[in-house]
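One structure is given here, and the rest of the page talks about it.
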Amino acid sequence: MKQNIGTKCVQAGYTPKNGEPRQIPIVQSTTFKYDTSEDMGKLFDLEASGYFYTRLQNPTNDYVAAKIAALEGGTSGMLTSSGQAANFFALFNLAGCGDHIVSSASIYGGTFNLIKVTMAKMGIETTFVSPDCTEEELNAAFRENTKAVFGETIANPALTVLDIEKFARAAHAHGVPLIIDNTFPTPVNCRPIEWGADIVTHSTTKYMDGHGGAVGGAIVDSGKFDWMAHAEKFPGLCTPDDSYHGITYAEKFGNGGAFITKCTAQLMRDFGSIQSPQNAFLLNLGLESLHVRMPKHVENGQAVAEFLQGRDEVNYVSYPGLPGDKYYALAQKYMGNGGCGVVSFEIKGGRQAAEAFMKKLRLFAIETHVADARSCCLNPATSTHRQMTDEQLAEAGIPAGLIRISCGLEDSADLIADLKQAFEN
Ligand SMILES: *Cc1c(COP(=O)(O)O)cnc(C)c1O
């Protein structure tokens, strides 16, 4: 029976049988017991599905991964220890030394560093393109050895909105999948697979957990990318894996299962970035109310953005839900119910004004975090980007007076009153 998104948030991924626990069990065990070596051997050979060691897979994690896959409309999913691990695994499962990636330049700083610095050291080159580039510019970024395209639905912290269909068209025209980091809108507000994305990643640390309680990540495969049709580009999926007795993932597990099975069997096995079952349990508690919380984050973000827009102390406000915003039309198209609760604005008077303003806030705490129940704020110029000069900041599109605020689940009138007193005191 077809389920709507809210029902999936509450119930997908785990259906207890007669007499079993109603809430998902936390399987706090590193290992699993078998009667014969033969039984266990079948698991090692991927001939049977089951559990043998939590570094690779754990039932609690798999219940939660199955829920996130259902929310995104994918065929399979996995949890990782963090959002960083999710994006690294999603890319490295396709690209290796000598390969190339096309990525939107407007992405989370941690992911930018991962791709630009660390993956470059592994021999993977990346061409960064503006999310606003023309189709010609986008197509020109591809090379013979390009293996994937990457972007964020709503970018953290720039709040640019990606034209997912434009990026999907270009990726598919060049025979490679589109990977979308959907952390900010969550599947409640946008499901990139419905717009042509092939693989979706998450930092579940943000809205999915939603309470600032557990770092985590997730990867979902749409099952739509035809690996065998592009077998020459993806030998890792389309030729025998010697470390698994010659299994060819795309043949044995099909388009619906090959990507996640390979990612688990090779990358989780070798890098071990597993999420702890305790964290997966906490994440699932967050997911159970995701569809109730997201509309409130959007309502608060919209109210705060509109308030800030009317203040003389403010140069400009970025929020894709504001009709004057550069990304308003794209946000309306891809996120009809709104995007998220993160708003950024430039206060007049640069870093001094930003620091003085933030010191006076009572409800918005100064944090390097976004997207949980409690509102918070950050001035990049005096924190995450403090090594940069004013000129370098301006070049990066981050003026010294930029303040990023994340609207939590408090009452919007109280949030606005807090901002108002900080402007006026
Ligand atoms: C926070 C974030 C990440 C990194 O996630 P961690 O869980 O902190 O490792 C990746 N992408 C986006 C969009 C993020 O906001």
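Everything numeric in this text was worked out from a predicted model, so none of it was measured. Note that ligands are numbered from 1 as they come in the structure, with each ligand's atoms numbered from 1 the same way.
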Ring centers of Phe52, Phe32 separated by less than 6.0 Å: no
Ligand 1 atoms in contact with Gln84 (distance to a heavy atom under 4.0 Å): 4 (C), 5 (O), 6 (P), 9 (O)
N/O donor-acceptor pair under 3.5 Å between His297 side chain and Cys407 backbone: yes
Nearest neighbour in protein (non-hydrogen) for atom 6 (P) of ligand 1: Gly83 N, 3.4 Å
Protein contact of atom 4 (C) of ligand 1 - nearest heavy atom, named by residue and atom, plus distance: Tyr108 CE2, 3.4 Å
Shortest protein heavy-atom distance from atom 12 (C) of ligand 1, along with the residue and atom involved: Asp181 OD2, 3.5 Å
Close approach of Gly216 to ligand 1, heavy atoms, under 4.0 angstrom: yes
Protein heavy-atom partner closest to atom 14 (C) of ligand 1 - residue, atom, separation in Å: Lys206 NZ, 2.9 Å
Shortest protein contact, atom 5 (O) of ligand 1 (heavy atom only): Ser203 OG, 3.0 Å
Atom 7 (O) of ligand 1: the protein heavy-atom neighbour that sits closest, reported with distance to 0.1 Å: Thr205 OG1, 2.6 Å
For Asn156, the ligand 1 atoms whose distance to one of its heavy atoms is below 4.0 Å: 14 (C), 15 (O)
Numbered atoms and elements of ligand 1 in range of Glu152, under 4.0 angstrom, heavy atoms: 13 (C)
Sub-6.0 Å ring centroid separation between Phe150 and Phe167: no
Backbone of Gly109 reached by a side-chain donor or acceptor of Asn113 within 3.5 Å: no
Side-chain donor/acceptor of Gln275 to backbone N/O of Ala280, under 3.5 Å: yes
Close aromatic pair by centroid cut-off 6.0 Å: Tyr316 and Phe345: no
Pair Phe259 and Phe225, ring centroids less than 6.0 Å apart: no
